[in-house]
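What follows is a short report on a single structure.
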Amino acid sequence: MTTLFNSSQEIVFVLHGLNVTQRNRHIYFVFILIIYLFTIFINLTLILTIFLENMLQTPMYLFLCNLCINGIIGASSFYPKILYDISFDSHVITYIGCLTQIFFIYFYVYCEFTNLTVMAYDRYVAICKPLHYHCIMTIRKVWTLILLTWLFSLLEVTIGVELTATLPLCGVDIDKLYCSNWAVVKLSCIDITLNNLYGFIFTSTQVSQTILILVSYVNIIKASLRSQAGRKKFMQTCLPHLITLINFTISLLFDVMYARYGSNTSLLALRNIMAVEFLVVPPLLNPIIYGMNLSQIRNRVRKMFNCKVSAVS
């Protein structure tokens, strides 16, 4: 017999993705904690480097800073809960806690895609219209684009969570390490056509942004091939962005495709890797990719740490 839960009740979801024995629990906890702290550290390092160095407060670096802030949000929407579950052998999450986790995870996803689109536009103007770059990409326009990125993402995620919150539920079992929107929607007792429509609109939005990025890069590559300086500029500033975009898109695609069409009989480890890749890999790799490729950031970070080492000595 199916039990009907009302959304206003105190529902507790059971997460079935975690399978850690008493013997290896502490190993997993320490390993995941180190990855989380390192992710926060490298993102904060890049953020502080950009804000402390006046030379780096240009459009490209401000968008990169926004990317790192969003990376911290994405990592923090996942790591604290999984660390708590491992530490206390907990496999449950409250209804409000689940919706809160969904809110921040999807805000991170929407903001990441929108920010990458804006960064592609910035690189398009910088390489295809270099003489007009400073007239087009003013600091005021940059902050306006960053604000719109956050507001647009906030609007998208609020609509999605509101639609999910109105659904009466007939189950509490979630076959993942964390709460996802589709995992909760699947537990609904009623028709979910409206939620599917929202999912279609969301997917269309992301596809449209991807097309805009690809069109921008077709023009960027054409312009870059005309000169040695253009090719160098592309390799230094555009290649990291392209790697970041591919990394995030593939990671997210793994999760979306598996959530919709994956089999519950597949290996638990494989399911977990595919489910968390977009929350773990991009926030960790983005600052490393940009830090290694952008010489100004690399030199400034080295200078910061040299000063700290000298002060300690």
Side-chain angles (χ1 to χ4, degrees), residues 59 63-64 66-71 73-74 77-78 99-125 141-167 178-186 188 191-220 238 241-262 274-279 281-283 286:
F63 290 135
L64 175 56
N66 193 42
L67 194 72
C68 291
I69 291 171
N70 190 51
I73 293 172
S77 67
F78 167 70
L99 289 184
T100 302
Q101 189 174 45
I102 289 171
F103 179 90
F104 282 104
I105 287 175
Y106 282 81
F107 177 82
Y108 154 73
V109 171
Y110 299 148
C111 193
E112 190 88 353
F113 248 115
T114 308
N115 197 59
L116 288 171
T117 305
V118 172
M119 290 175 76
Y121 170 70
D122 172 68
R123 291 299 84 206
Y124 166 76
V125 177
K141 187 172 183 178
V142 169
W143 284 114
T144 301
L145 287 171
I146 289 173
L147 179 62
L148 288 174
T149 296
W150 286 73
L151 291 177
F152 182 63
S153 304
L154 187 63
L155 177 64
E156 282 186 302
V157 73
T158 301
I159 294 171
V161 172
E162 282 292 329
L163 287 173
T164 303
T166 59
L167 295 173
Y178 57 88
C179 281
S180 70
N181 193 54
W182 180 246
V184 175
V185 168
K186 285 195 298 184
S188 173
D191 183 65
I192 56 172
T193 301
L194 195 59
N195 298 79
N196 282 328
L197 179 62
Y198 163 78
F200 174 75
I201 294 171
F202 152 67
T203 304
S204 300
T205 304
Q206 310 311 314
V207 170
S208 300
Q209 290 178 327
T210 304
I211 291 171
L212 283 173
I213 294 170
L214 291 175
V215 169
S216 298
Y217 267 94
V218 168
N219 289 292
I220 287 170
C238 297
H241 177 261
L242 203 56
I243 294 171
T244 299
L245 173 68
I246 294 169
N247 173 34
F248 181 73
T249 304
I250 292 175
S251 298
L252 185 61
L253 193 62
F254 272 151
D255 180 62
V256 171
M257 295 302 290
Y258 185 81
R260 294 269 177 169
Y261 310 110
M274 294 179 74
V276 305
E277 191 176 357
F278 76 102
L279 291 167
V281 178
N286 288 352

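Note that these values count all heavy atoms, side chains included, but never hydrogens, waters or copies made by symmetry. Here the structure is a predicted model, which means the values were calculated and not measured.
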Report the distance from atom [atom1] of [X] to atom [atom2] of [Y], rounding to the nearest 0.5 Å.
{"X": "Leu242", "Y": "Ile246", "atom1": "CG", "atom2": "CD1", "answer": "4.5 Å"}
{"X": "Ser77", "Y": "Ile73", "atom1": "OG", "atom2": "CD1", "answer": "9.0 Å"}
{"X": "Tyr121", "Y": "Thr117", "atom1": "OH", "atom2": "OG1", "answer": "13.0 Å"}
{"X": "Lys186", "Y": "Asn195", "atom1": "NZ", "atom2": "CG", "answer": "13.5 Å"}
{"X": "Leu167", "Y": "Leu194", "atom1": "CG", "atom2": "CG", "answer": "8.5 Å"}
{"X": "Leu148", "Y": "Leu154", "atom1": "CG", "atom2": "CG", "answer": "12.5 Å"}

Which atom pair, heavy atoms only, marks the closest approach of [X] to [Y]?
{"X": "Ile220", "Y": "Ala120", "value": "CD1-O, 4.1 Å"}
{"X": "Thr114", "Y": "Ser153", "value": "OG1-OG, 4.0 Å"}
{"X": "Cys179", "Y": "Ile102", "value": "O-CG1, 3.7 Å"}
{"X": "Phe107", "Y": "Val157", "value": "N-CG2, 3.7 Å"}
{"X": "Leu279", "Y": "Gly74", "value": "CD2-O, 3.8 Å"}
{"X": "Tyr108", "Y": "Gly71", "value": "CE1-CA, 4.3 Å"}

Could you pull out all residues at least two apart from Gln206 that satisfy side-chain contact (heavy atoms from CB on, under 4.5 Å)?
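Testing Gln206 for side-chain contact (heavy atoms from CB on, under 4.5 Å), a comparison that skips the adjacent residues, returns Tyr110, Phe113, Glu156, Phe202, Gln209.
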Could you work out, with side-chain contact (heavy atoms from CB on, under 4.5 Å) as the rule, every residue matching Ser208, not counting sequence neighbours?
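Here no residue qualifies.
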Side chain of [X], backbone of [Y]: donor and acceptor closer than 3.5 Å?
{"X": "Thr164", "Y": "Gly160", "value": "yes"}
{"X": "Tyr106", "Y": "Asn181", "value": "yes"}
{"X": "Asp122", "Y": "Val118", "value": "no"}
{"X": "Thr166", "Y": "Leu163", "value": "yes"}

Side chains of [X] and [Y] in contact at under 4.5 Å (non-hydrogen atoms):
{"X": "Leu116", "Y": "Phe63", "answer": "no"}
{"X": "Phe278", "Y": "Ile105", "answer": "yes"}
{"X": "Val215", "Y": "Tyr124", "answer": "no"}
{"X": "Phe200", "Y": "Asn196", "answer": "no"}

So which of Asn70, Asn66, Thr149 actually passes side-chain hydrogen bond (donor to acceptor under 3.5 Å, both in side chains) with Asn115?
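Only one option passes, and that is Asn66.
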